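The structure appears right after this line, and notes come after that.
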Amino acid sequence: QVHLVESGGRVVHAGDSLRLACVGSGVMFNRVGLGWFRQAPGKEREFVAAISYNGASTVYGDSVRGRFTISRDNANNTMYLQMGSLQGEDTAVYYCAASPLITPRTRATDYKSWGQGTQVTVSS
């Protein structure tokens with residue numbers, strides 16, 4: 001079981017960049033796949049990005065590909081989401097999650113541990 005805590009969410013302007021962090025505690029952080037999801041008010045949870053256990057492989061959702069970058073620092077039990085060219089549609093609560101599967105996963109059901117979420121608001 002991995003305990004996850006997100007940080008970095010805040011109010012930004014359209015076109016800005018922002019980096020989210022997710023710190024994990026517990027055993028075997030470097031043996032799990034990690035991902036970011038988001039949920040806007042009134043909408044279903046949406047896959048954002050995922051990364052393999054060693055950082056060698058990444059997958060992105062269609063709406064963020066080319067603007068967001070996922071990375072991880074296993075030495076410090078931390079995963080990041082670098083977000084660029086932010087738009088109003090990116091406003092959501094962002095969640096990090098850990099999967100026992102080591103390859104990047106896009107389905108929420110593949111993840112067993114979730115953080116509490118961090119709010120990102122993009123103002124126009």
Side-chain angles (χ1 to χ4, degrees):
Q1 187 79 6
V2 178
H3 179 63
L4 303 169
V5 179
E6 305 95 335
S7 64
R10 61 183 177 91
V11 179
V12 296
H13 295 292
D16 285 352
S17 298
L18 185 66
R19 189 176 78 164
L20 304 182
C22 173
V23 177
S25 60
V27 299
M28 302 194 326
F29 182 85
N30 61 350
R31 299 293 184 90
V32 297
L34 297 172
W36 288 98
F37 289 77
R38 68 186 183 185
Q39 188 165 20
K43 295 188 177 181
E44 294 186 353
R45 187 171 298 186
E46 176 189 13
F47 168 73
V48 175
I51 189 166
S52 62
Y53 75 106
N54 60 358
S57 181
T58 57
V59 177
Y60 294 92
D62 290 342
S63 62
V64 306
R65 188 177 296 113
R67 299 189 299 122
F68 291 10
T69 301
I70 189 172
S71 62
R72 65 189 296 167
D73 177 358
N74 284 343
N76 291 297
N77 282 13
T78 304
M79 174 178 63
Y80 300 100
L81 185 68
Q82 179 68 47
M83 304 185 291
S85 301
L86 284 164
Q87 307 162 5
E89 307 87 86
D90 297 315
T91 295
V93 177
Y94 284 72
Y95 299 90
C96 66
S99 169
L101 305 172
I102 61 173
T103 55
R105 318 300 293 187
T106 63
R107 298 185 306 178
T109 52
D110 286 333
Y111 292 83
K112 306 305 180 186
S113 299
W114 293 81
Q116 83 289 345
T118 187
Q119 176 71 49
V120 174
T121 302
V122 183
S123 64
S124 58

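Note that the structure is predicted; figures quoted are calculated from it, not measured.
- Partners of Ser57 by side chain to side chain donor-acceptor pair (under 3.5 Å), not counting sequence neighbours: none found.
- Among pairs with a residue in residues 52-90, none fulfils disulfide (SG to SG under 2.5 Å), at least two apart in sequence or across chains.
- Asp90 has its side chain within reach of Phe68: a pair of non-hydrogen atoms, C-beta onward, lies under 4.5 Å apart.
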Can you list, pair by pair, the side-chain donor-acceptor contacts under 3.5 Å of residues 76-85, counting residues two or more places apart and other chains?
| unit_1 | atom_1 | unit_2 | atom_2 | d |
| --- | --- | --- | --- | --- |
| Asn76 | ND2 | Asp73 | OD2 | 2.7 |
| Asn77 | ND2 | Gly24 | O | 3.2 |
| Thr78 | OG1 | Asn76 | O | 2.8 |

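- For residues 40-49, every residue pair satisfying the salt bridge (Lys or Arg N to Asp or Glu O under 4.0 Å) rule, not counting sequence neighbours, is listed here: Arg38-Glu46.
- Residues that satisfy the side chain to side chain donor-acceptor pair (under 3.5 Å) test with Arg65, not counting sequence neighbours, are Asp62.
- In this view, Tyr95 satisfies the ring pair (Phe, Tyr, Trp, His ring centres under 6.0 Å) rule with no residue, not counting sequence neighbours.
- Residues meeting the side chain to side chain donor-acceptor pair (under 3.5 Å) test with Arg72, sequence neighbours left out: Asn74.
- Contact detail for Pro100 and Asp110: the closest heavy-atom pair is CD-O, 3.7 Å.
- The side chain to side chain donor-acceptor pair (under 3.5 Å) test applied to Gln116 returns Glu6, not counting sequence neighbours.
- For Arg105 and Thr103, the side-chain atoms include at least one donor-acceptor pair closer than 3.5 Å.
- Legend: disulfide (SG to SG under 2.5 Å) pairs involving residues 74-124, not counting sequence neighbours, sorted by first then second residue: Cys22-Cys96.
- Not counting sequence neighbours, the partners of Phe37 by the ring pair (Phe, Tyr, Trp, His ring centres under 6.0 Å) test are Phe47, Tyr111, Trp114.
- Summarising the geometry of Val59 relative to Pro104, their closest heavy-atom pair is CG2-CB, 3.7 Å, with the distance given to 0.1 Å.
- In the hydrophobic clustering, Ile102 connects to Tyr53, either directly or through intervening members, whenever side-chain heavy atoms lie under 4.5 Å apart.
- The two residues Ala98 and Val2 come nearest to each other via the heavy atoms CB-CB, 4.3 Å.
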Sequence neighbours left out, cut at 3.5 Å: what donor-acceptor pairs do the side chains of residues 117-124 make with other protein atoms?
| unit_1 | atom_1 | unit_2 | atom_2 | d |
| --- | --- | --- | --- | --- |
| Thr118 | OG1 | Gly9 | N | 3.1 |
| Gln119 | NE2 | Ala92 | O | 3.4 |
| Gln119 | NE2 | Thr121 | OG1 | 3.3 |
| Ser123 | OG | Val12 | O | 3.2 |
| Ser123 | OG | His13 | ND1 | 3.2 |

